[in-house]
2 protein chains.
Amino acid sequence: MAQVSYREKVLRFREDAIVEAVNHLLASKGYDLMTVDEVAAEAGIAKASLYKHFTSKEELAGAAMVRVLDRAMEQASKLEAESGASALDRITSMLLWTLQVQLAGEMPTLPAQNSKLVASLRANRAYMDGLFALSDKLGSWITQAQAEGQLNPELPAEMILFTLYARACDPVLGLLKASGNYADEQIIAWLVTTTLEGLGKRPAAPPAPAPRRVR
Amino acid sequence: MAQVSYREKVLRFREDAIVEAVNHLLASKGYDLMTVDEVAAEAGIAKASLYKHFTSKEELAGAAMVRVLDRAMEQASKLEAESGASALDRITSMLLWTLQVQLAGEMPTLPAQNSKLVASLRANRAYMDGLFALSDKLGSWITQAQAEGQLNPELPAEMILFTLYARACDPVLGLLKASGNYADEQIIAWLVTTTLEGLGKRPAAPPAPAPRRVR
DNA sequence: GTCTATAAGAGGATAGAC
DNA sequence: GTCTATCCTCTTATAGAC
């Protein structure tokens, strides 16, 4: 636990480079079109060496997902430390964060249909732990926001959670960006709005809360 | 144009079976995991024979997409023929229809990241025509609904259109179904609600329109 | 643990007989 | 146009030297 040898540090550094490459490739071309050769090339390492660190392509994908889950958890903890934010504020901030990650081309996405991959993820302890930890935290915010009347209490919290996860890789963002007609901030603002308020016109103008300045 | 020979009828029938198989496989496993061998097997034909009808895997995918676009267009035309429905009613009906198709496991989905496939689709005349025809019709409904104050007029019509397309293959539906906790109708109702009204609690109860009975 | 070289196999596409 | 048999490329994964 205590002393980390130099060798081990180098090892960690290598693995970080590999996972970083996987993350990038998953975000840009997706799991099926990503080849292990590409990962090795982008990480600047021989493929055979890569297989000393990770024993399969599925494990590579798992490592990238663990990384993004960790980053999300870190972000969530940061928001929780801030005072004066409602549960809805925190949820909105997380949604914003995921959209920014996606817009930056750093959101890895995996095909839910690949049963071999899914089985590997389910057997991946770090992945499952990270997923449950994040879901627990977000879930508690969701039920709180529902109790406070800020999220629709008639929806199961589970569904709201799924929707937040789904919007983290919503293709609408990519389509709007590809059209080239809108600024990034505009795109993100629209996605947040439609996720929370839908496509319909609100029946009454929502009373705009006075923006609270943090000093 | 007039006389269709018996041989040609048989041909069409074969091709329908092939496209049907592709549609099913695209919906269940997706493009990358679908193999041409599977398509041939499910269509009850040898692979080499299949290649006499379609020259590539991309073309197979294109044919399946043309089929679903045609079905959607047919549905839209039917809605347009009905009187007494507002633009929003029609849009809602189309959303409902796509969700039902998805729930039935008949919604083919393609990876937007596969550039080779995308290029093939763009060069596919029937696909592009079908896509534009449907988009035009839906687009006109959208702008009408916006003018009538039923859809948020501050959103570009284009974004609303993208969102409708995206919800047609929203993973949330599959996640809710996989949880096994909810009835199909319930799942669809929630998805329609969140798409149009979002996750947030509405500030005022929307005035429920008296249900108009069709006699 | 890193490399070069290669095995092993899947999957898209085709040859050629009928 | 349909079939069987085959080609060939791409990709995952490993052998074995250093």
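Every chain is numbered from 1 and lettered A, B, ... according to where its sequence line falls, protein lines coming before strand lines.
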- Could you please spell out the steps behind the side-chain hydrogen bond (donor to acceptor under 3.5 Å, both in side chains) verdict for T92(A) and D89(A)? CA-CA 5 Å; T92(A) 307; D89(A) 289 340; 5.5 Å; no
- Tell me, with the steps shown, if R12(A) and E8(A) meet salt bridge (charged side-chain N to carboxylate O under 4.0 Å, His left out). CA-CA 6 Å; R12(A) 288 282 163 82; E8(A) 199 158 336; 3.8 Å; yes
- Verdict with reasoning, K201(B) to E154(A), per salt bridge (charged side-chain N to carboxylate O under 4.0 Å, His left out): CA-CA 9 Å; K201(B) 187 169 194 304; E154(A) 290 173 10; over 6 Å; no
- Query: Given D70(A) and R67(A), is the salt bridge (charged side-chain N to carboxylate O under 4.0 Å, His left out) satisfied, shown in steps?
  - Reply: CA-CA 5 Å; D70(A) 284 349; R67(A) 180 170 174 274; over 6 Å; no
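Of the two residues near DNA chain D, K52(B) and A48(A), the one whose nearest nucleotide lies more 5' is K52(B). When each of T55(A) and L33(A) is assigned the nucleotide of DNA chain D bearing its nearest heavy atom, the one mapping closer to the 5' terminus is L33(A).
Rounded to whole Å, atom P of dT4(C) lies 12 Å from atom CD1 of I45(A). Separating the CZ atom of R14(A) from the C1' atom of dC3(C) is a distance of 11 Å, rounded to the nearest angstrom. One interatomic measurement links the two molecules: CG of L25(B) to C1' of dG11(C), which rounds to 15 Å at whole-angstrom precision. Distance L50(A) CG to dT12(D) P: 11 Å, rounded to the nearest Å. Rounded to whole angstrom, the span from the CZ atom of R7(A) across to the C1' atom of dT2(C) amounts to 11 Å. Taking atom CD on E38(B) and atom C1' on dA13(C), their separation rounds to 17 Å, with Å as the unit. For H53(B) and dG12(C), the NE2 to C1' distance is 18 Å, given to the nearest whole Å. For the pair E59(B) CD and dG12(C) P, the computed distance is 15 Å after rounding to whole Å.
Between the base of dG12(C) and the side chain of K47(B) there is a donor-acceptor pair shorter than 3.5 Å.
Of the candidates dC3(D), dA13(D), dG1(D), dC3(D) carries the atom nearest the A46(B) side chain, counting heavy atoms from C-beta on.
Here S49(B) reaches the OP1 or OP2 of dC3(D): one of its side-chain N or O atoms lies under 4.0 Å away. The shortest distance between the side-chain N/O atoms of Y51(A) and the OP1/OP2 oxygens of dT14(D) is not below 4.0 Å. For dG11(C), neither phosphate oxygen OP1 nor OP2 lies less than 4.0 angstrom from any side-chain nitrogen or oxygen of T35(B).
Nucleic acid contact for K57(A): sugar-phosphate only, since backbone atoms but no base atoms lie under 4.0 Å from a heavy atom of the residue.
A cation-pi arrangement, defined by a distance under 6.0 Å to the six-membered ring centre and an angle within 45 degrees of its axis, is present between K57(B) and Y31(B).
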